[in-house]
Asks: 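Here it is, the structure, as structure tokens.
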Amino acid sequence: MIAAYDPAAIERTAREQWESARCFEVDEAPGKEKFYCLTMFPYPSGKLHMGHVRVFTISDVIARYQRMQGRHVLQPMGWDAFGMPAENAAIQRGIPPAKWTYDNIAYMRGQLQRMGYAYDWSREVTTCRPEYYRWEQWLFTRMFRKGLVYRRNAVVNWDPVDQTVLANEQVIDGRGWRSDALVERREIPQWFMKITAYAEELLGELDAMPGWPESVKTMQRNWIGRSEGVELEFPVPGEAGPLTVYTTRPDTLFGVTYMAVAAEHPLALKAAESDPAIAAFVAACRLTDATEATFETMEKKGLPLGIDATHPLTGEPVPVWAANFVLMSYGTGAIMAVPGHDARDWEFAKKHGLPIRQVIAPADGSRIDVNDTVYTEPGVLVNSGRFDGLDFTAAFAALADHFESAGTGRRKINYRLRDWGVSRQRYWGAPIPIVYCGECGAVPVPEDQLPVVLPEEVEFTGVGSPLKDMPAFYETTCPACGRAARRETDTFDTFVESSWYFARYACPDSHDAMLDDRVHYWMPVDQYTGGVEHAILHLLYSRFFQRVMRDEGLVRESEPFTNLLTQGMVLKDGAKMSKAKGNTVDPQELIDRYGADTVRLFMMFAAPPEQALEWSDEGVQGSFRFLKRFWAAVQEHVAGGPAGRVEAGALDEPQKQLRRKTHQTIEKISDDIGRRHAFNTAVAAAMELINAVTRFDDASPAGRAVRHEALEAVVLMLSPIVPHICDALWRALGRAGALIDQPWPDFDPAALAQDTIELVVQVNGKLRGRVAVAAEADKDTVIEQALSDPNVQRFVAGKSIRKTIVVPGRLVNIVV
RNA sequence: GCCCGGGUGGCGGAACCGGUAAACGCUGCGGACUUAAAAUCCGCUGGGAGCAAUCCCUUGAGGGUUCGAGUCCCUCCCCGGGCACCA
């Protein structure tokens with residue numbers, strides 16, 4: 001009688017063994033090749049969801065596989081512990097954010113341990129602890145001294161009823177989520193980090209990052225958005241200064257028929273003083289939230305200001321409009337409009353009856369009418385005076401030279417990337433270490449007074465940050481002059497914590513420095529895994545912080561993550577699992593019913609990691625069924641007593657076939673996991689081999705040896721995915737020593753050799769037959785054999801053969 | 001609106017560099033075992049024609065390149081992610 005598969009008992013045994021031996025705690029071993037395997041750390045939202053289980057399993061499979069490759073593997077875990085949900089819990093349920101967060105962490109840590117992830121828990125990092133955030137406060141003060149941070153006014157969503165700043169997520173259809181009031185844009189002073197100082201480097205280095213997906217690199221390139229253009233001036237008669245605009249198309253300058261300025265632009269504000277219609281327009285433009293998606297999709301509106309600018313080349317008057325699609329905070333707050341050759345300008349001109357002038361003609365000489373269709377391609381200049389006939393490159397150079405020599409313009413490289421606003425008007429975050437003094441201005445908190453500790457005992461009113469009502473927090477003295485001063489009550493964007501945690505895992509207990517020498521051993525991260533939704537912001541901020549730390553002498557490398565894997569979401573009924581949609585599946589229930597291995601296996605089998613994964617309860621049962629079959633196959637085999645070694649020269653044909661399948665499978669799974677991260681096809685290949693073993697009915701010593709080899713290979717190769725059951729089966733197969741320290745199996749090329757191979761025969765590209773040919777047969781022999789197939793003859797007979805194509809080892813195509 | 005992905009049987013997916021479309025699994029149907037149920041095992045399972053051999057059709061839609069296209073190019077449709085204060 002064979003013991004049934006009992007996941008609960010097996011998993012407990014394996015877990016206790018790993019924990020008591022501290023299998024996953026690693027130190028720095030300079031002689032050994034290290035592998036730093038990292039997952040984007042979770043926000044402690046309450047309990048694990050399926051998205052967590054998926055990403056952590058992917059990373060754990062890679063970590064365990066790399067360990068079997070002989071590498072010294074670090075896989076740490078921690079908590080991105082600051083954020084809005086903790087404040088919402090405090091408002092809704094009266095639980096202090098700190099308690100709510102620490103309770104969630106304790107519960108989720110237990111769930112992670114139950115999943116059997118190979119984490120070094122001795123390195124756990126929790127970002128809401130002062131011993132962590134003191135170092136980002138420290139780095140901020142260093143950046144302050146270098147001029148890498150500055151303070152300026154910036155736009156926020158303002159809820160006029162609650163009198164508070166709203167996150168974009170808290171604005172629903174232009175209204176505050178609690179008050180339902182129309183949200184306004186409002187400018188308040190905020191701290192910025194100069195990520196633009198690194199724009200060129202962040203862009204250029206992308207070309208030397210083969211371990212990142214092309215799609216992510218393309219998104220980052222487009223986000224940074226480098227453009228080469230010309231900044232030039234349009235004089236405005238009667239005004240103090242000219243209108244300065246930036247354009248990447250100076251070749252279209254003769255096509256300018258109007259200008260547009262932001263509603264907040266001084267020219268618009270001045271006109272509003274005497275014109276009620278303009279004043280109303282300016283007021284209406286404030287009533288929108290601050291997101292780019294809203295801005296780009298809203299109806300384009302504008303009003304003429306009754307002012308003309310002067311065209312810098314023709315001297316003609318050009319009307320100036322105020323428009324809602326020009327923002328004061330981007331560029332100069334003014335644009336030149338070329339409706340003939342810019343799609344947005346064209347639509348606006350059509351709507352308001354503004355003239356459209358063609359100044360570019362297609363290079364191929366074809367005729368166009370810009371009054372019917374906008375023409376945005378580069379071409380040859382027409383209607384452009386002495387610049388007529390020039391192409392884009394020549395016109396760009398000639399016009400840029402003209403303005404530079406006249407002193408009214410200059411070549412300029414622009415970036416779409418904007419500096420990173422890090423101020424948040426919220427409580428549950430790391431305090432920004434600044435003191436405002438009436439005499440000295442903004443003064444960074446000195447190193448010996450860090451950390452600025454966030455008080456964890458607070459009263460929540462639900463509106464605004466409690467820190468603003470806590471004199472004990474904000475009343476202080478100026479570190480420079482000693483006078484009474486006021487502490488900054490804004491906290492950091494939580495992206496600040498997640499921009500450097502990966503380095504802190506190398507030395508989480510470092511009390512005297514942000515990072516110590518251990519970071520040189522572990523960094524950079526060899527494999528980083530996380531959601532594709534972080535492709536831009538988190539990953540770009542981390543690349544920026546890595547460079548700031550490099551320039552502080554804290555780390556050596558410029559890039560923090562050598563290889564990046566972005567995993568897809570977990571969906572149910574075609575939609576992302578979320579509480580709001582009510583389509584969540586609690587992983588804990590499944591772990592309790594089937595065990596962690598079944599959940600891990602389903603996650604890896606159901607879809608490739610980069611793709612969205614459709615949840616299926618039946619699929620989970622299928623994974624459980626496979627583990628039961630796997631368990632039974634090994635138990636039945638070992639019930640027959642010990643098996644001997646394979647004697648490769650003394651096998652019959654079925655034994656050779658099973659052995660070939662075993663070694664083909666080792667080759668395939670090694671490639672699937674090691675190179676492709678195609679865990680789904682790796683599992684499918686393991687299933688095929690177990691199916692072959694189950695059908696293989698041979699109790700002879702040679703047969704048992706071949707079967708033993710196959711089962712041992714599957715146990716080793718599935719162990720990164722389902723480590724608990726494999727640990728038990730490894731011992732069942734009579735092997736001593738911990739499975740996690742076994743080397744990954746090698747395949748024997750000699751076992752793959754085949755005498756004959758089957759080729760597909762096509763006639764005119766359509767499948768017409770199959771032939772078995774000798775493995776070393778030459779082209780003529782292959783064609784001769786292909787033509788001898790009766791079905792192929794039916795399609796070739798009576799026709800002349802025009803061409804034959806032989807793809808070695810695959811197919812023959814006969815073209816008639 | 002802009003940027004990045006994706007669309008293949010009833011379902012999840014496979015097909016890696018342009019070379020057998022649908023591996024593996026799920027579901028469903030039929031059968032075995034059982035007093036019965038569960039579990040397990042065996043067989044079939046893209047559509048159509050045919051007794052069969054075999055043939056025709058099929059990878060969101062339409063066009064193109066090629067001996068050959070799910071894969072490459074162009075146009076379009078739909079779904080998802082991101083758009084700087086969700087994390």
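Only heavy atoms go into these numbers, but all of them, side chains included; no hydrogens, no water, no symmetry mates. First the proteins, then the strands, lettered A, B, ... as listed; each starts at 1. This is a predicted model, so every value here is computed, not measured.
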Asks: Whole Å only: how far is the CD1 atom of A:I814 from the C1' atom of B:G68?
Replies: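 The answer, rounded to whole Å, is 13 Å.
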Asks: Looking only at atom P, what distance separates B:C74 and B:C24, rounded to whole Å?
Replies: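 Comparing P positions in B:C74 and B:C24 gives a spacing of 36 Å.
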Asks: Would you indicate whether A:K217, at its atom NZ, is surrounded by more than 12 heavy atoms from other residues, nucleotides or ligands within a distance under 6.0 Å?
Replies: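 Buried by this count: over 12 neighbours within 6.0 Å.
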Asks: For A:V165, which contact category applies under a 4.0 Å heavy-atom criterion: base, sugar-phosphate, or nothing?
Replies: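 Base, at least one base heavy atom under 4.0 Å.
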Asks: Whether A:R221 and A:D207 form a salt bridge (side-chain N of Lys/Arg under 4.0 Å from carboxylate O of Asp/Glu) is what I want to check.
Replies: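 Here A:D207 pairs with A:R221 in a salt bridge, since their nearest N and O are under 4.0 Å apart.
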Asks: Distance between the C1' atoms of B:A21 and B:G13, in whole angstroms?
Replies: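 Between the two C1' atoms, the distance is 13 Å.
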Asks: Measure CG/A:N168 against P/B:C86 and give the value in whole Å, please.
Replies: 5 Å
Asks: Taking the same atom, C1', in B:U40 and in B:G48, what whole-Å distance lies between them?
Replies: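 Result for the C1' pair: 37 Å, nearest Å.
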Asks: Going 5' to 3' through nucleotides 12-20 of chain B, assign each nucleotide B (protein heavy atom under 4.0 Å from a base atom), S (under 4.0 Å only from sugar-phosphate atoms) or - (no protein heavy atom that close).
Replies: BSSSB--BB
Asks: Taking for each residue the nucleotide of RNA chain B bearing the nearest heavy atom, is the 5' side occupied by A:K300 or by A:Q425?
Replies: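 Mapping each residue to its closest nucleotide by heavy atoms, the 5'-most match is A:K300.
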Asks: Using a cut-off of 4.0 Å on non-hydrogen atoms, how would the nucleic acid contact of A:H534 be classed: base, sugar-phosphate, or nothing?
Replies: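 Base contact - A:H534 has a heavy atom under 4.0 Å of at least one base atom.
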Asks: Flag yes if more than 12 heavy atoms outside A:D364 fall under 6.0 Å of its CG atom; otherwise flag no.
Replies: yes
Asks: Using 4.0 Å as the upper bound for N to carboxylate O, is an ion pair formed by A:E299 and A:K351?
Replies: yes
Asks: Would you mind telling me which of B:G1, B:C85, B:C4 lies closest to the side-chain atoms of A:N157?
Replies: B:C85
Asks: A:R221 side chain N/O closer than 4.0 Å to the phosphate oxygens (OP1, OP2) of B:C3?
Replies: no
Asks: Return the value, rounded to whole Å, for the distance between atom CZ of A:F295 and atom P of B:C83.
Replies: 17 Å
Asks: Using ring centroids (six-membered ring only for Trp), state whether A:W212 and A:Y528 fall under 6.0 Å.
Replies: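 Centroid separation for A:Y528 and A:W212: 6.0 Å or greater.
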Asks: Any side-chain N or O of A:N791 less than 4.0 Å from the OP1 or OP2 oxygen of B:C55?
Replies: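 Affirmative; the distance criterion is met.
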Asks: Which residues pass the salt bridge (Lys or Arg N to Asp or Glu O under 4.0 Å) test with A:D671, sequence neighbours left out?
Replies: A:R675
Asks: Would you mind telling me which residue lines up with the more 5' stretch of RNA chain B, A:R695 or A:N691, judged by nearest nucleotide?
Replies: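 Closest to the 5' end, via its nearest nucleotide, is A:N691.
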Asks: Expressed as a whole number of Å, how far does the C1' atom of B:A14 sit from that of B:U59?
Replies: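 These two C1' atoms come out 12 Å apart once rounded.
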Asks: Do the side-chain N and O atoms of A:N691 and A:R629 include a donor-acceptor pair separated by under 3.5 angstrom?
Replies: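 Side-chain D/A pair, A:N691 to A:R629: present.
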Asks: Considering every strand and a 4.0 Å limit on heavy-atom distances, what is the contact class for A:G421: base, sugar-phosphate, or nothing?
Replies: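 A:G421: backbone/sugar contact only, no base atoms under 4.0 Å.
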Asks: Using a heavy-atom cut-off of under 4.0 Å over every strand shown, decide if A:E688 touches base, sugar-phosphate, or nothing.
Replies: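 Here A:E688 touches the backbone only, sparing every base.
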Asks: Just checking A:V156: base, sugar-phosphate only, or nothing, at a heavy-atom cut-off of under 4.0 Å?
Replies: base
Asks: Assess the side chains of A:T164 and A:D159: does a donor N or O sit below 3.5 Å from an acceptor N or O?
Replies: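 On atom types as modelled, these side chains do not qualify, holding no pair under 3.5 Å.
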Asks: Near RNA chain B, which residues from residues 618-629 of chain A have a heavy atom under 4.0 Å away?
Replies: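 Only A:E618, A:G622, A:R625, A:K628, A:R629 qualify.
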Asks: Look at the side chain of A:E296 and the base of B:C83, then say whether one donor and one acceptor between them are separated by less than 3.5 Å.
Replies: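 No, the side chain and the base share no sub-3.5 Å donor-acceptor pair.
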Asks: Using atom C1' in both nucleotides, what's the gap between B:U45 and B:G25 to the nearest angstrom?
Replies: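 Between the two C1' atoms, the distance is 14 Å.
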Asks: Would you mind classifying the nucleic acid contact of A:L417 as base, sugar-phosphate or nothing, using non-hydrogen atoms under 4.0 angstrom?
Replies: base
Asks: Does any donor atom in the side chain of A:D672 or A:T681 lie under 3.5 Å from an acceptor atom in the other side chain?
Replies: yes
Asks: Can you give me the dot-bracket string for RNA chain B, 5' to 3', counting Watson-Crick and G-U wobble pairs with both distances under 3.5 Å, using [ ] for crossing pairs and | for partners on another strand?
Replies: (((((((..(((......[....))).(((((.......))))).((((....))))..(((((..]....))))))))))))....
Asks: Nearest heavy-atom pair of A:V812 and A:A786: which atoms, and what distance?
Replies: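 Minimum heavy-atom separation between A:V812 and A:A786: CG1-CB, 4.2 Å.
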Asks: Pairs in or reaching into residues 422-431 of chain A: which pass salt bridge (charged side-chain N to carboxylate O under 4.0 Å, His left out), with residues at least two apart or in two chains?
Replies: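 Qualifying pairs: A:R424-A:D493.
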Asks: In this structure, how many angstroms lie between the C1' atom of B:A23 and the CD1 atom of A:I690, rounded?
Replies: 17 Å
Asks: For a quick test of reading the model: is some side-chain N or O of A:K766 closer than 4.0 Å to OP1 or OP2 of B:A69?
Replies: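 A:K766 to B:A69 OP1/OP2: no side-chain N or O under 4.0 Å.
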Asks: If I pick the C1' atom on B:G31 and the same atom on B:G80, what distance separates them, to the nearest angstrom?
Replies: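 My reading of the C1' atoms in B:G80 and B:G31 gives 43 Å.
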Asks: Looking at A:V155 and A:A290, what are the two nearest heavy atoms and their distance?
Replies: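 Smallest heavy-atom distance, with atoms named: CG1-CB, 3.9 Å.
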Asks: Expressed as a whole number of Å, how far does the C1' atom of B:A53 sit from that of B:U58?
Replies: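 Nearest-Å result for B:A53 against B:U58 at atom C1': 23 Å.
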Asks: Mark yes or no for a side-chain to base donor-acceptor pair under 3.5 Å between A:Q190 and B:C85, with no hydrogen or angle criteria applied.
Replies: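 Yes.
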Asks: Considering every strand and a 4.0 Å limit on heavy-atom distances, what is the contact class for A:F41: base, sugar-phosphate, or nothing?
Replies: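 If one applies the 4.0 Å heavy-atom cut-off, A:F41 turns out to touch nothing in the nucleic acid.
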Asks: Can you tell me how far C1' of B:C4 sits from CH2 of A:W223, to the nearest Å?
Replies: 12 Å
Asks: Whole Å only: how far is the CD atom of A:E347 from the P atom of B:C2?
Replies: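 Atom CD in A:E347 sits about 10 Å away from atom P in B:C2.
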Asks: side-chain contact (heavy atoms from CB on, under 4.5 Å) with A:Q190: which residues, sequence neighbours excluded?
Replies: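 By the side-chain contact (heavy atoms from CB on, under 4.5 Å) rule, A:Q190 matches A:A154, A:V156, A:I188, A:F192, A:S423, A:Q425.
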Asks: Is the shortest side-chain N/O distance from A:N222 to OP1 or OP2 of B:G82 below 4.0 Å?
Replies: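 So the side chain of A:N222 is outside the cut-off, no N or O lying under 4.0 Å from OP1 or OP2 of B:G82.
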Asks: Is a salt bridge present between A:R416 and A:E292, judged by a nitrogen-to-oxygen distance below 4.0 Å?
Replies: yes
Asks: Please give the distance between the P atoms of B:G19 and B:G70 as a whole number of Å.
Replies: 11 Å
